[in-house]
Amino acid sequence: MLSIFISSPANEFKEERIKIKKFIEENSILNQIFEVFVFEEDVVATGKQSDEIYLEKARNSDIYLV
């Protein structure tokens, strides 16, 4: 499975990022190929700093969309 990291500065295009994620997740073909990460949607409470999570996910993603 390929991972997609969808990013944008601050809250700019937040709704659009979430819509792209939902589109991929709800598509029966795309959701078998791609796993999508949107920071605002996918960060859960962990012991890590938010910037650590962001950088780790960005570094490990196959596709980075800005």
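Nearest heavy atoms, Ser3 versus Ser61: OG-CA, 3.1 Å. The two residues Phe37 and Asp42 make their nearest non-hydrogen contact at CA-OD2, 3.2 Å.
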Distance-only check: which donor-acceptor pairs under 3.5 Å involve side-chain atoms of residues 28-35, not counting sequence neighbours?
from	atom 1	to	atom 2	distance (Å)
Asn31	ND2	Glu25	O	2.9
Asn31	ND2	Asn27	O	3.3
Gln32	NE2	Ser28	O	2.7

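Taking 4.5 Å as the limit, every side-chain heavy atom of Glu41 sits out of range of all side-chain heavy atoms of Arg17. Within the 4.5 Å cutoff, the side chain of Asp62 has no heavy atoms near those of the Ile4 side chain.
Rounding to the nearest 0.5 Å places OG of Ser7 at 9.5 Å from CG of Leu65. How far CD of Glu15 is from CD of Glu40: 11.0 Å, rounded to the nearest 0.5 Å.
Evaluation of the ring pair (Phe, Tyr, Trp, His ring centres under 6.0 Å) rule for Phe23 yields no partner, not counting sequence neighbours. Take Glu16 and apply the salt bridge (charged side-chain N to carboxylate O under 4.0 Å, His left out) test, not counting sequence neighbours, and it matches no residue.
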For ring pair (Phe, Tyr, Trp, His ring centres under 6.0 Å), just list the numbers for Phe5 and Phe39, CA-CA rounded to whole Å, side-chain angles, deciding distance to a tenth of an Å, and then say yes or no. CA-CA 8 Å; Phe5 186 99; Phe39 189 79; 7.8 Å; no
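Cluster annotation: Ile63 and Ile6 are assigned to the same hydrophobic cluster (Ile/Leu/Val/Met/Phe/Trp/Tyr, side-chain heavy-atom contacts under 4.5 Å, transitive). No single ILVMFWY cluster, assembled from side-chain heavy atoms under 4.5 Å apart, contains both Val66 and Val38.
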